[in-house]
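Structure record follows, encoded as structure tokens.
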Amino acid sequence: ALSNDEIYGCFESNEWRDGILARVMRNICKDESPNQKWTLFDGPVDTLWIESMNTLLDDNKLLTLLSGERIMMAPQVSIL
């Protein structure tokens with residue numbers, strides 16, 4: 001299982017380090033091709049990391065990182 005810091009990112013010595021989801025979402029949301037893109041989470045759902053994903057999964061479709069960066073989920077991106 002991954003920690004919240006590994007999934008979303010964290011500050012290390014006052015420098016931001018991206019997590020896996022931050023990198024993936026930034027890359028697939030930049031791609032403006034009309035092709036559907038899927039991000040699949042496999043394994044048990046942890047209440048700590050799913051809580052941080054609320055605005056991404058609701059109608060806002062916005063991932064807000066602790067760094068203050070906000071990544072808007074493109075219409076052709078889905079999360080499963």
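Starting from 1, each residue takes its place in the sequence as its number. Atom set for the values below is all heavy atoms of this structure, side chains included, hydrogens, waters and symmetry mates excluded.
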Exercise for the section: Apply side-chain contact (heavy atoms from CB on, under 4.5 Å) to Leu48 and list each qualifying residue two or more places apart in sequence or on a separate chain. Expected result: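 Residues passing side-chain contact (heavy atoms from CB on, under 4.5 Å) with Leu48: Asn4, Asp46.
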For a quick test of reading the model, state the closest non-hydrogen atom pair linking [X] to [Y] and the distance between them.
| X | Y | value |
| --- | --- | --- |
| Leu65 | Tyr8 | CD2-O, 3.6 Å |
| Cys29 | Ala74 | SG-N, 3.6 Å |
| Leu63 | Ala22 | CD2-CA, 4.5 Å |
| Trp16 | Gly9 | CH2-C, 3.3 Å |
| Met25 | Thr39 | SD-OG1, 4.5 Å |

Exercise for the section: Verify the neighbour count for atom CD of Gln36: are there more than 12 heavy atoms of other residues, nucleotides or ligands below 6.0 Å? Expected result: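 Buried by this count: over 12 neighbours within 6.0 Å.
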Handout entry: Whether over 12 other heavy atoms sit under 6.0 Å from Ile79 CD1
Key =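 Check passes, neighbour count above 12.
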Handout entry: Side-chain (Arg23) to main-chain (Asp18) donor-acceptor, under 3.5 angstrom
Key =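 Such a contact is found between Arg23 side chain and Asp18 backbone.
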Handout entry: Under 3.5 Å donor-acceptor, Thr55 side chain and Leu62 backbone
Key = yes
Fill in the blank from the handout: Separation between OG (Ser78) and NZ (Lys61), nearest 0.5 Å, reads 7.0 Å
Practice task
List in chain and number order the residues that pass side chain to side chain donor-acceptor pair (under 3.5 Å) with Glu12, two or more places apart in sequence or in another chain; answer none if no residue qualifies.
Solution key: Arg17
Is there a continuous path of hydrophobic side-chain contacts, each under 4.5 Å between heavy atoms, that joins [X] to [Y]?
| X | Y | result |
| --- | --- | --- |
| Val45 | Met53 | yes |
| Ile28 | Met72 | no |
| Ile7 | Leu40 | no |

Practice task
Return yes if a side-chain donor-acceptor contact under 3.5 Å exists between Ser33 and Asp31, otherwise no.
Solution key: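 Side chains of Ser33 and Asp31: pair found under 3.5 Å.
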